[in-house]
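Residue numbers start from 1 in every chain, and the chains themselves are labelled A, B, ... in the order their sequence lines are given, proteins ahead of strands. Because the structure is a prediction, the values reported are computed rather than measured. All values below come from the heavy atoms of this structure, side chains included, with hydrogens, waters and symmetry mates left out.
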Amino acid sequence: MIRIRVDPAPIDLTAETALVEGRGEGAVATFTGLVRGDPAADGSVETLELEHYPGATEAALTNLAQAATDRWSLSAATIVHRVGSMRAGERIVFVAAASAHRAAALEACAYLIDRLKTDAPFWKREVRGGEGRWVEARDADHDAAARWR
Amino acid sequence: MIRIRVDPAPIDLTAETALVEGRGEGAVATFTGLVRGDPAADGSVETLELEHYPGATEAALTNLAQAATDRWSLSAATIVHRVGSMRAGERIVFVAAASAHRAAALEACAYLIDRLKTDAPFWKREVRGGEGRWVEARDADHDAAARWR
Amino acid sequence: MGLRILYFAWVRERIGMGEEQLDPPAGTATVADLVTWLAGRSAGHAAAFADPARLRAAVDQAFVPMDTPIAGAREVALFPPVTGG
Amino acid sequence: MGLRILYFAWVRERIGMGEEQLDPPAGTATVADLVTWLAGRSAGHAAAFADPARLRAAVDQAFVPMDTPIAGAREVALFPPVTGG
């Protein structure tokens, strides 16, 4: 099962987890990214806005889930990414990998989130004190993605 | 936050996840182990029975969660393990790690489940076709735990 | 027909629109050539494309390097490095 | 007082009980010595301890090697390799 969802609605962890666990395999690994308040000189993050490239986003995430499924023989690979406006503490992204083996599920989960950071067309804008600022890409994300090549 | 629970009741993923996500950090990694049907010559697993060493189990899991918290500066480390009798598809174990950084959460999650397999006093008994059989320990589990030393 | 050109994030904001349909002149061989041509269209375009090192591209929805040919392409997207997840 | 001895999984099943309180004889210095002595107590004990390579131990709830001294210990547990998770 490959499940890709790009949606302005809050991520329903219970429903997403049930889909993955329902595949009948023994090992499920997940990663959830949450909006951080990240207090700074110009205040904490009030809202985070996620822009994406409709069509290309879904294609990139599908490719990623398929690559993980092939590499680790997954029974399920899920990527759910929220778009639009969200607040501190809310979920931005949820990825899950199910496999018969725990090492495969754990590695595939790390792969999905590492590659998503560099390979999917999303852009974050933080609003602090009423002022928006586009988040800069991090070199560390490229290093993390590169280890899977 | 360190949360350890050894309980015959089903694992409540929604409640456990809420506790971990409530710590205000940006990255949450989880691993869930489910009872596998594992069809074999003598039938599929009807029930799985988990025996443990009361007192020593909780101490071992607390030590493990504390070690992960110290090593990866976690804001939350959760280990919930079911004991008693359970059926195929049910959750045996849930571990979660929350951190400001995704690599820390992912690594700590893998550490928790790898070390749990060798360091906590649990024993599994599978019932197939009405016949119980104690599960043998796997060398691969020791190799997986050893990489964290 | 023309080429569909998409902008995202601060590239979109500086240009002041998310999309335009254009016919690049003959000799516009690569994404980089396209960017050079687009930079001359307005002050907003110039500002968006002032630092090519901060720019990324997709041709027909696939991420590509800037020296990728655009012959036959239907859609080119220009944007900053991605920051999802 | 005596020493509290706990058995788990198939060790418990073969012995036919989960726990006993015993006074090991003088000279029972290590966990391995204790196991040797226990093996003589019944056919069940002998069956449980027939293959020392398949046996693990904890002294006062901490996993230990078989050559660990038991002087001063209050509780010794004997069991197969663990299989949780």
(request) Sort D:F63 into side chain, backbone, both or neither according to what part of it lies under 4.5 angstrom from a heavy atom of chain B. (result) side chain
(request) Would you indicate whether the side-chain heavy atoms of D:L78 and D:L6 approach each other to under 4.5 Å? (result) no
(request) Determine the minimum heavy-atom distance between B:A104 and B:L74, stating which atoms define it. (result) O-CD2, 4.3 Å
(request) Would you mind checking which part of D:A9 comes under 4.5 Å of any heavy atom in chain B, side chain (CB onward), backbone (N, CA, C, O), both or neither? (result) both
(request) Decide yes or no for D:I70 and D:T28: does some side-chain heavy atom of the first lie under 4.5 Å from some side-chain heavy atom of the second? (result) yes
(request) Show your reasoning for whether side-chain contact (heavy atoms from CB on, under 4.5 Å) applies to B:L48 and B:I92. (result) CA-CA 9 Å; B:L48 185 73; B:I92 309 169; 3.7 Å; yes
(request) Would you check if D:L55 and D:F79 make a side-chain contact, meaning some heavy-atom pair closer than 4.5 Å? (result) no
(message) Please evaluate residues B:I113 and B:V93 with respect to the criterion side-chain contact (heavy atoms from CB on, under 4.5 Å), reporting the C-alpha separation (whole Å), side-chain torsions for both, the decisive distance (0.1 Å), and the verdict.
(response) CA-CA 9 Å; B:I113 189 65; B:V93 64; 4.0 Å; yes
(message) Could you report the tightest heavy-atom contact between D:P65 and D:V31, atom names first, then the distance?
(response) O-CG2, 4.4 Å
(request) Please report the shortest heavy-atom distance between B:G89 and B:L34, naming the atom on each side. (result) O-CD2, 3.7 Å
(message) I'd like to know whether B:V28 forms a side-chain contact (heavy atoms from CB on, under 4.5 Å) with B:V20, so could you lay out the CA-CA distance, the side-chain angles of the two residues, the decisive distance to 0.1 Å, and finally the verdict.
(response) CA-CA 7 Å; B:V28 175; B:V20 176; 3.7 Å; yes
(message) If the contact rule is any heavy atom under 4.5 Å from chain B, which residues of residues 35-45 of chain D qualify, in numerical order?
(response) none
Write out the donor-acceptor pairs between chain D and chain B under 3.5 angstrom, atom names and distance to 0.1.
residue : atom : partner : partner atom : Å
D:A9    : N    : B:E51   : OE2          : 2.9
D:R12   : NE   : B:E51   : OE1          : 3.4
D:R12   : NE   : B:E51   : OE2          : 2.9
D:R12   : NH2  : B:E51   : OE1          : 2.5
D:E13   : OE1  : B:W134  : NE1          : 2.7
D:R54   : NH2  : B:E136  : OE2          : 3.0
D:Q61   : OE1  : B:A56   : N            : 3.2
D:E75   : OE2  : B:Y53   : OH           : 2.4
D:P80   : O    : B:W123  : NE1          : 2.9
D:T83   : N    : B:F122  : O            : 2.8
D:T83   : O    : B:K124  : NZ           : 3.4
D:T83   : OG1  : B:K124  : N            : 2.8
D:G85   : N    : B:H81   : NE2          : 2.9
D:G85   : O    : B:K124  : NZ           : 2.7

(message) Do B:L116 and B:L61 have side chains that approach each other closer than 4.5 Å (heavy atoms only, starting at C-beta)?
(response) yes
(message) Under a 4.5 Å cutoff for heavy-atom pairs, which residue among B:A60, B:G33, B:A59, B:G55 has the most contacts with chain D?
(response) B:G55
(request) Give the intermediate values and the outcome of side-chain contact (heavy atoms from CB on, under 4.5 Å) for residues D:L34 and D:F49. (result) CA-CA 11 Å; D:L34 179 68; D:F49 301 139; over 6 Å; no
